[in-house]
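I have placed the structure first, in the form of structure tokens, so that the comments after it can refer back to it.
Index from 1, following the sequence. Whatever order the structure lists ligands and atoms in, that order sets their numbers, starting from 1.
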Amino acid sequence: MRINKLPVVNKFNIKKTAKVILTAVLLSTPAKVAQDSFVKNLPRYDEILKCETLPHRIEKVQKSLKNFIPITVINERGGVSHTYCVEDLKKIQNILKTSRIKTSYVFPIDSALHPYIPSTGQFGSPRPAGRAHLGLDIYPRLYGRKPPKPVYITSATDGVVVSAKKSPEKDPKNLIANSIKIMSPDGKMYSYDHMARPEDYNGSKYFDIKAPGEYVKAGDTIGIVGRTGETAVWHLHMGVEDLNEMNRQLNNEQWQKLHKKYGVYAVPRGQVDPLNKLKAGEISDILNKYRIDKGPKVDYLDKL
Ligand SMILES: [Zn+2]
């Protein structure tokens with residue numbers, strides 16, 4: 001049903017309509033039947049939430065974000081790392097929380113292509129020099145070969161874009177290069193990294209359809225699977241970050257040591273395992289369907 005075709009329902013109308021229905025029914029039928037039809041005729045509370053107040057709430061979120069100014073952070077290598085500050089994130093998180101918008105969840109690329117998550121692409125899997133992988137790698141094609149056609153990345157959740165970063169070239173200073181970060185109403189931040197450049201596919205568009213402060217719905221296109229930043233294969237690196245977890249990491253001695261040792265590879269941002277339901281929540285159910293476990297997986301971060 002289209003939103004603009006729905007009758008206007010508000011508290012006052014519900015009360016008024018209910019009163020009219022109740023009076024009419026009471027006059028003509030026994031009490032039990034009267035109550036049944038009264039309940040049946042009432043619009044469901046969750047329907048009202050969805051149809052009547054959601055656009056209004058999103059508008060409110062966007063209004064509150066009018067003064068949101070993305071800031072540029074330069075990483076230890078001299079590359080642009082991300083473009084938001086933690087205080088802004090907390091503000092956005094709070095606005096979303098009080099607006100009580102619920103998100104739905106989708107797999108972030110076309111599942112008809114048979115994508116998969118290899119054990120080497122999982123959270124905590126080993127990387128050179130003893131460090132660990134802090135996100136999830138989704139391969140649209142076997143062995144991370146280049147897909148012949150652009151594979152579009154869709155937002156896994158509803159949310160507000162807090163950072164959208166473009167690198168015109170493959171930038172050795174950047175690990176993730178083209179990247180977009182979205183704060184979801186579930187309180188977590190989802191990032192999508194290594195996205196493609198326009199020159200990777202002739203005539204394809206950049207992901208500049210979304211800008212910081214914009215509200216996206218789960219399933220909206222936000223980019224194309226690429227190979228920008230520090231990677232040799234075509235894949236989507238998806239990250240799930242939790243601000244509460246970030247505070248824990250910042251105060252954790254072992255995390256501090258990891259950051260000191262591995263620099264940009266272990267910045268404490270509240271990274272959690274997207275496949276772990278306790279840590280990442282509902283999105284893990286969808287992601288786990290595409291997981292392939294072959295060979296050992298070292299999840300030493302779990303012990304921190
Ligand atoms: Zn990765």
Side-chain angles (χ1 to χ4, degrees), residues 75-77 79-82 107-109 113 115-147 151-156 163-165 167 170-182 188-197 200 207 222-242 245 249 255 258-259 262-276 279-280 283-284 286-288 290-302:
N75 67 32
E76 289 100 320
R77 289 182 173 185
V80 176
S81 178
H82 54 98
F107 190 66
I109 65 172
L113 297 165
Y116 68 105
I117 298 159
S119 46
T120 51
Q122 290 177 28
F123 191 86
S125 64
R127 288 293 180 270
R131 56 189 175 83
H133 186 234
L134 297 178
L136 196 69
D137 290 345
I138 303 171
Y139 285 51
R141 264 195 105 194
L142 208 55
Y143 312 123
R145 286 194 291 243
K146 184 181 180 182
V151 174
Y152 291 98
I153 301 166
T154 50
S155 180
S163 171
K165 190 162 70 69
S167 292
K170 209 167 156 59
D171 183 357
K173 288 173 182 165
N174 273 310
L175 302 180
I176 51 176
N178 294 333
S179 160
I180 189 161
K181 287 180 185 290
I182 293 167
K188 295 185 191 71
M189 190 153 74
Y190 294 74
S191 54
Y192 307 84
D193 303 338
H194 306 309
M195 305 216 280
R197 310 164 297 169
D200 290 331
F207 56 94
I222 49 172
I224 294 167
V225 174
R227 199 183 55 165
T228 58
E230 201 171 277
T231 176
V233 292
W234 294 76
H235 75 284
L236 166 66
H237 174 104
M238 184 187 179
V240 179
E241 292 163 18
D242 184 328
E245 189 67 20
Q249 290 172 355
W255 253 98
L258 284 178
H259 184 206
Y262 300 121
V264 286
Y265 295 104
V267 179
R269 290 205 193 97
Q271 300 94 327
V272 296
D273 182 357
L275 296 175
N276 182 329
K279 297 266 185 184
I283 189 65
S284 66
I286 296 172
L287 296 171
N288 269 301
Y290 297 89
R291 180 177 125 182
I292 294 174
D293 286 329
K294 276 182 187 165
K297 192 182 144 244
V298 183
D299 213 345
Y300 65 76
L301 285 163
D302 259 7

For this session: Take Ile138 and Leu287 through the test side-chain contact (heavy atoms from CB on, under 4.5 Å) and record every step on the way to the result.
Result: CA-CA 9 Å; Ile138 303 171; Leu287 296 171; 4.2 Å; yes
Problem set entry | Geometric class of the His194/His237 ring pair [parallel <30°, tilted 30-60°, perpendicular >60°] | perpendicular
For this session: Please determine which of Glu230, His259, Arg127 meets the side-chain hydrogen bond (donor to acceptor under 3.5 Å, both in side chains) test together with Tyr265.
Result: Glu230
For this session: Please say whether the positively charged group of Arg131, taken as NZ for Lys or CZ for Arg, lies over the ring of Tyr262, i.e. under 6.0 angstrom from the six-membered ring centre and within 45 degrees of the axis.
Result: no
For this session: Heavy atoms only: give me the nearest Lys279-Val272 pair and the separation to one decimal.
Result: CB-CB, 3.9 Å
Exercise. Does Ala156 offer a backbone N or O that forms a donor-acceptor pair with the side chain of Tyr192 under 3.5 Å?
Worked result: yes
Exercise. What protein N, O or S atoms come within a distance below 2.8 Å of the Zn ion (ligand 1), ordered by chain and number?
Worked result: His133 NE2, Asp137 OD1, His237 ND1
